[in-house]
Engineer: 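Here's a structure for you.
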Number of protein chains: 2
Amino acid sequence: MITKKSKYAIKALIYLTKQEKSKPVLIEEISTEEKIPKKFLEAILLELRKAGILGSKKGKGGGYYLLKPATEINMAEVMRLFDGAIALVPCVAHKYYEPCEECIDEITCPIREVFRVIREQTVATLKDNTFDELLLKEKKLKRYRK
Amino acid sequence: MITKKSKYAIKALIYLTKQEKSKPVLIEEISTEEKIPKKFLEAILLELRKAGILGSKKGKGGGYYLLKPATEINMAEVMRLFDGAIALVPCVAHKYYEPCEECIDEITCPIREVFRVIREQTVATLKDNTFDELLLKEKKLKRYRK
DNA sequence: TTATTTCTCTACTAAATCGGTAGAGTTTAT
DNA sequence: ATAAACTCTACCGATTTAGTAGAGAAATAA
């Protein structure tokens with residue numbers, strides 16, 4: 001399962017994607033609109049800023065805003081930031097590779113093969129979903145509901 | 001990430017798949033051969049028995065054995081048993097569905113759409129991998145190494 | 001029938017992670 | 001100078017993970 005941090009981060013980024021670009025949005029506003037505990041959200045937005053995804057401005061008229069266009073931020077990037085590896089076993093992780101401690105022979109491990117495929121599928125899907133794509137999806141879903 | 005319990009369970013099942021069927025194998029043997037802590041493995045095998053995947057026999061000549069043919073046990077089943085939902089968010093889980101607490105509108109949630117696709121891909125891959133398929137994969141990998 | 005073998009069950013525990021909260025500090029605009 | 005905002009450090013309770021300990025029950029063999 002994904003952590004709440006990741007889910008909150010994705011929601012906050014969707015919210016920011018909807019705004020007029022470069023206009024800073026208050027933590028407070030995102031917190032109430034998206035129902036994310038404010039203090040927790042603070043930490044999340046800070047991490048997104050340190051990762052170069054968001055920019056911030058202090059003082060009156062301050063807040064957070066997207067640094068990159070929404071076409072260049074995807075779900076894989078965000079999830080890796082907050083949850084670490086996307087892979088289900090460390091030995092097939094890309095950015096966070098580690099041998100499985102209890103593994104006897106990585107090269108001939110059939111479990112590894114399966115999880116390698118799953119990781120590739122998952123990462124591909126997450127990368128396809130940039131934040132503008134997510135907005136598009138939401139619009140489509142809202143049309144269908146009517 | 002998958003838990004060690006799941007990984008150990010899969011390894012133990014692969015080991016049992018390799019044995020002459022219906023011949024019980026000692027916990028001790030699986031533990032030393034697959035390098036799984038014995039006491040921990042006991043709990044795992046017990047759970048597999050309660051799930052109807054393994055049978056057991058007590059006393060001398062006892063041990064654990066597969067109850068179903070290896071073509072009818074797959075990785076999805078095992079992982080669900082030990083780790084619960086395969087989905088990355090509860091709202092797209094199949095066997096373990098729960099609404100996301102912080103979700104405002106499930107029907108128009110674009111995040112949900114993405115995770116629904118990922119869950120479908122992952123489950124399909126895990127289901128394809130029955131234990132006889134895993135054995136086959138291992139054989140192929142061993143051939144290639146030579 | 002008694003000893004031995006082997007699985008079964010309950011209870012505990014140490015460490016890590018998750019999902020936060022508290023509060024002081026720093027920067028910027030007015 | 002003051003108020004508005006983000007920034008940073010430190011903490012905390014609950015849950016989960018990865019085990020361990022030890023007694024019990026059933027089956028077999030002597």
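No experiment lies behind these values; they were computed from the predicted model shown. No hydrogens, no waters, no symmetry mates; every other heavy atom, side chains included, goes into these values.
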Engineer: Out of curiosity, A:Asn74 CG to A:Asp128 CG, how far, rounded to the nearest 0.5 Å?
Structural biologist: 9.0 Å
Engineer: Considering only NZ, NE, NH1 and NH2 on the basic side and carboxylate oxygens on the acidic side, decide whether A:Lys95 and A:Glu77 come within less than 4.0 Å.
Structural biologist: no
Engineer: Taking the side chain as every heavy atom from C-beta outward, state whether A:Ile30 and A:Leu41 have any atom pair closer than 4.5 Å.
Structural biologist: yes
Engineer: Under 4.0 Å between a side-chain N/O of A:Tyr8 and OP1 or OP2 of C:dG20, yes or no?
Structural biologist: yes
Engineer: Between D:dA18, C:dG23, D:dC6, spot the one nearest the side chain of B:Lys4, thanks.
Structural biologist: D:dA18
Engineer: Just how far, in rounded Å, is P of D:dC6 from NZ of A:Lys39?
Structural biologist: 11 Å
Engineer: Grab the CE-P distance between A:Met1 and C:dG19 for me, whole Å please.
Structural biologist: 12 Å
Engineer: What is the distance, rounded to the nearest whole Å, between atom NZ of B:Lys7 and atom P of D:dT17?
Structural biologist: 14 Å
Engineer: Could you state the atom-to-atom distance from CG of A:Leu46 to P of D:dT9 in whole Å?
Structural biologist: 10 Å
Engineer: Expressed as a whole number of angstroms, how long is the span from B:Glu101:CD to C:dC18:C1'?
Structural biologist: 12 Å
Engineer: Considering every strand and a 4.0 Å limit on heavy-atom distances, what is the contact class for A:Phe82: base, sugar-phosphate, or nothing?
Structural biologist: nothing
Engineer: Side chain of A:Tyr64 only, please: which of D:dA18, C:dG23, D:dT7 is the nearest?
Structural biologist: D:dT7
Engineer: Find the distance B:Lys11:NZ to D:dA18:C1' and express it as a whole number of Å.
Structural biologist: 16 Å
Engineer: When the nearest nucleotide of DNA chain C is assigned to A:Gly61 and to A:Ala43 on a heavy-atom basis, which residue is associated with the more 5' position?
Structural biologist: A:Ala43
Engineer: Select base, sugar-phosphate, or nothing to describe what B:Glu42 touches, counting heavy atoms under 4.0 Å on all strands.
Structural biologist: base
Engineer: Can you see which heavy atom on B:Glu34 is nearest to which on B:Tyr15, and at what distance?
Structural biologist: OE2-CD1, 3.3 Å
Engineer: Toward the 5' end of DNA chain D, which comes first, B:Ile2 or A:Val25, by nearest nucleotide?
Structural biologist: A:Val25
Engineer: Where along residues 49-60 of chain A does a heavy atom fall under 4.0 Å from DNA chain D?
Structural biologist: A:Arg49, A:Lys50, A:Ser56, A:Lys57, A:Lys58, A:Gly59, A:Lys60
Engineer: Would you mind telling me which of C:dT6, C:dT21, D:dA5 lies closest to the side-chain atoms of A:Leu26?
Structural biologist: D:dA5
Engineer: In whole Å, what is the span from the CD1 atom of A:Ile27 to the P atom of C:dT21?
Structural biologist: 14 Å
Engineer: For a quick check of understanding: with a heavy-atom distance under 4.0 Å over all strands, which category does A:Leu45 fall into, base, sugar-phosphate or nothing?
Structural biologist: nothing
Engineer: Under 4.0 Å between a Lys/Arg side-chain N and an Asp/Glu carboxylate O for B:Lys127 and B:Glu133?
Structural biologist: no
Engineer: Mind checking whether A:Thr17 and A:Leu134 have side chains closer than 4.5 Å, heavy atoms only?
Structural biologist: no
Engineer: Just by distance, with hydrogens left out, do A:Thr3 and A:Asp83 show a side-chain donor and acceptor under 3.5 Å apart?
Structural biologist: yes
Engineer: CD1 of B:Ile36 versus C1' of D:dA18: gap in Å, rounded?
Structural biologist: 13 Å
